[in-house]
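The structure appears below as structure tokens.
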Amino acid sequence: MVPRPNHRLWLLIVALLDPVVDGLVSSLHRDGEWGSLVTEFGRDVDRLWSAYAISTYGTWIAFGAFPLIAVGTLQTSACAVSLLESVGLAAAAICAVAIGPRIAWHRKRPAMIGADCARFVAMASIPPAYLAGVLTYGQLLVVSIIGGTASIASTAASGAYLKHIVPAGRLLAANGRFEGAMWIATATGPPLGGLAIAVLGPVVTVAADAASYAVSALTVGRIRGADVATPSARGDRRWAAELIRGWSVIATDRVLRRLFVNQMAVNGLIMATGPLLAVLLIGEYHYAAWEYGLAFGLPGVAGFVGARLSAHLVERHGRDRVLTISGWLRSVVPLGLAAVQPGVPGLVTVIVVEALLIGCMGVFNPIGATERLRRVRAEDVPQVLAAWSITSRLSQATLIALWGALATLADPLSAITASGVLLLATPLLLPRRRQLGQSRTEPESDQN
């Protein structure tokens, strides 16, 4: 059983964590490149980034809290814990089918605020239920679905708004900053959350996550610039047609189509090994919880470095070359996990492989996200991002379930190795360099 924390202590930790997050956010963006972007395009872009950084940091502080609550407090089986993740992803994607496309018809800031408020209410419902002893597996599942659905809506709205306030020529710098915030949160959030869980119990990090969404909503509310929405004159606003439109835009652009298929395969295969690594390292190799947290927290620094270098590498070597090379490397590196073994050598192997993988992803992701925004008309961005996110979650849920079954039939290490072998073929799905240099929907000089 996970000990229940003293309610005064977990309220105190929530109060303490937000200033830490806010201080980190402030320290990360006071550099010349970002400062010039903020000066040129106003404080709204800074507020949008800050809201993203705060909510992302809250999410990673709560990393692992749901499985700990499910297993330690609710005595849930390992199979049910896996279902909590895969079913939550799939159900959120299905719910977002109706919600995501509607983002295009409405102003983006209220949509972002609404998504944050929905996540706040859902996450904030867990601590009282936990303390009262009435928390159930069903509530965890519902919260997971609400959080995933709101995340898809938030991604669609924030991506469209970012394209609205930042010109095409500066999107890579902006996307690199968002990517860097995500990887810093990945590196530092789980260790802080692990410490809070060890001292006060997992419900503390859930409360901190809820608080981060409240702060994010308030930050978005401070944005004062013009909003953007698709004109209401378009058709009858059938959400199914709008969602299909998103997939249609992806399918009709060769670069988007190849990026889409590549990312579904790569992200799905990588995500499929996450639960298996936990079983392998903690269950079979008996790694301590702090070693597990270190193995997956420390490599996040490499992601931050990669994201910060992304724009500089593109400027020096060209977007096409950097996208292709980083795309190949992120698909080759995971096979190194086949060499994981017990003890310190295995821990070092995981850290090195994950650092190389995440560093390559830190370089690749901002370029891929920028290419996606550049090639899509502003009025189609919400539909495309919604279709992209929905498909991503469904593919991840499917592969997580399949790889769980494979690990049951064989063993976790064999399933992890199989994923690494399949990843070797995914670079063949990347766009050709000559295609990347061809027509874009919007030129880089476009000022939106």
Side-chain angles (χ1 to χ4, degrees), residues 2-5 7 9-22 24-25 51-74 76 81-82 84-85 88-89 92 115-131 135-137 139-152 154-155 181-217 271 274-275 278 289-290 292-297 300 393:
V2 177
R4 295 195 177 194
H7 70 283
L9 290 178
W10 70 255
L11 285 173
L12 176 61
I13 198 71
V14 171
L16 292 175
L17 281 174
D18 274 332
V20 171
V21 175
D22 189 54
L24 181 62
V25 166
Y52 171 83
I54 291 168
S55 62
T56 301
Y57 206 92
T59 297
W60 281 99
I61 283 178
F63 176 75
F66 274 27
L68 282 173
I69 294 173
V71 174
T73 302
L74 304 179
T76 304
V81 174
S82 297
L84 182 65
E85 181 171 358
L89 282 170
D116 280 336
C117 289
R119 288 183 286 187
F120 166 73
V121 170
M123 296 298 291
S125 72
I126 292 179
Y130 179 92
L131 294 173
L135 182 65
T136 64
Y137 178 84
Q139 182 177 350
L140 290 180
L141 185 58
V142 170
V143 171
S144 177
I145 293 171
I146 292 174
T149 304
S151 177
I152 293 175
S154 179
T155 297
M182 190 270 287
W183 288 120
I184 279 292
T186 304
T188 59
L192 283 177
L195 177 62
I197 288 172
V199 176
L200 302 170
V203 74
V204 175
T205 60
V206 175
D209 191 17
S212 75
Y213 293 126
V215 176
S216 175
M271 288 291 293
W290 70 267
Y292 179 74
L294 182 67
F296 291 95
R393 281 162 172 77

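Just so you know, residue 1 is the first one in the sequence shown, and it goes up from there.
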Find the distance between CG (D209) and OG (S212) and round it off to the nearest 0.5 Å. 4.5 Å
Is there a donor-acceptor pair under 3.5 Å between the side chain of S151 and the backbone N or O of G147? no
When every non-hydrogen atom of A217 is compared with those of D116, the smallest separation belongs to N-OD2, 3.4 Å
Look only at the side chain of S154 and the backbone of A150, and say whether a donor-acceptor pair between them is shorter than 3.5 Å. no
State which residues pass ring-ring contact (aromatic ring centres under 6.0 Å, His included) with Y213; sequence neighbours excluded, sorted by chain then number. none
Ignoring hydrogens and angles, tell me if any N or O in the side chain of Q139 forms a donor-acceptor pair with the backbone of S125 under 3.5 Å. yes
How long is the gap from OG1 on T56 to CD1 on I184, to the nearest 0.5 Å? 12.5 Å
Which atoms form the tightest heavy-atom contact between A214 and F120, and what is the distance? CB-CD1, 3.9 Å
If I take atom OG1 from residue T149 and atom CZ from residue R393, how far apart are they, to the nearest 0.5 angstrom? 8.5 Å
Residue among T205, V204, V206 satisfying side-chain contact (heavy atoms from CB on, under 4.5 Å) with I61: T205
Please check this pair: side chain of S55 against backbone of A51, looking for a donor-acceptor N/O pair closer than 3.5 Å. yes
Does the side chain to side chain contact (heavy atoms under 4.5 Å, CB included) test come out yes or no for L135 and I126, once each step is laid out? CA-CA 7 Å; L135 182 65; I126 292 179; 4.2 Å; yes
Can you measure from OG1 (T155) to OH (Y52) and round to the nearest 0.5 angstrom? 8.0 Å
Between A122 and I146, what is the shortest heavy-atom contact and its length? CB-CG2, 3.8 Å
